[in-house]
Amino acid sequence: MRIGPDDVGERVSVRFRLAEPEPGGPTESEAVGWLRDWRDGVLTIERRDGSHAVVDEGDLVAGRTVPPPPRRRSP
């Protein structure tokens, strides 16, 4: 694990175990976005579309900081 509470405000990529996976479905998922909060063992990651992934730190499998997304080109 390469991220921690000191990384709040950074863009991160995390892999985490799903709390209630579908039978026969994936047991893990990923989230990429801005780490907005890490409090009381819970991370909040804001994705590009504005949605939030809320992850218990006990479910983290891997995580790292990543560079900001590339600028979008104007049409």
Side-chain angles (χ1 to χ4, degrees):
M1 191 76 56
R2 292 189 255 170
I3 64 169
D6 292 340
D7 292 312
V8 169
E10 298 291 325
R11 188 164 180 257
V12 297
S13 174
V14 299
R15 181 175 252 319
F16 57 94
R17 286 184 289 280
L18 295 171
E20 297 180 20
E22 296 287 327
T27 59
E28 295 180 351
S29 187
E30 297 179 350
V32 176
W34 299 98
L35 182 59
R36 295 299 184 203
D37 193 32
W38 188 321
R39 191 176 328 167
D40 299 325
V42 178
L43 294 75
T44 302
I45 300 164
E46 182 179 350
R47 295 182 173 114
R48 180 181 359 184
D49 65 3
S51 66
H52 291 89
V54 178
V55 180
D56 186 286
E57 72 179 47
D59 291 330
L60 286 175
V61 175
R64 65 186 179 110
T65 58
V66 294
R71 292 183 185 247
R72 293 183 181 212
R73 293 184 182 187
S74 302

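Because the structure is a prediction, the values reported are computed rather than measured.
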*For the atom pair CZ (R47) and CD1 (I45), what is the distance rounded to the nearest 0.5 Å?*
7.5 Å

Quiz: residues 16-34 side-chain donor-acceptor pairs under 3.5 angstrom, not counting sequence neighbours:
{"from": "R17", "atom 1": "NH2", "to": "G58", "atom 2": "O", "distance (Å)": "2.7"}
{"from": "E28", "atom 1": "OE1", "to": "R15", "atom 2": "NH1", "distance (Å)": "3.4"}
{"from": "E30", "atom 1": "OE2", "to": "R15", "atom 2": "NH2", "distance (Å)": "3.3"}

*Taking side-chain contact (heavy atoms from CB on, under 4.5 Å) as the test, write out the residues that go with D40, two or more places apart.*
none

*Rounded distance [0.5 Å steps], CG in D56 versus CG in L43*: 8.5 Å

Anything under 3.5 Å between a donor and an acceptor, one on a side chain of residues 6-13, the other on a protein residue two or more places apart or in another chain? List them.
{"from": "D7", "atom 1": "OD2", "to": "G4", "atom 2": "N", "distance (Å)": "2.9"}
{"from": "R11", "atom 1": "NH1", "to": "P67", "atom 2": "O", "distance (Å)": "2.5"}

*So, do L60 and V14 sit near enough that their side-chain heavy atoms are less than 4.5 Å apart?*
yes

*Can you find a pair of side-chain heavy atoms, one from R2 and one from T65, that are under 4.5 Å apart?*
no

*Considering only NZ, NE, NH1 and NH2 on the basic side and carboxylate oxygens on the acidic side, decide whether R39 and D37 come within less than 4.0 Å.*
yes

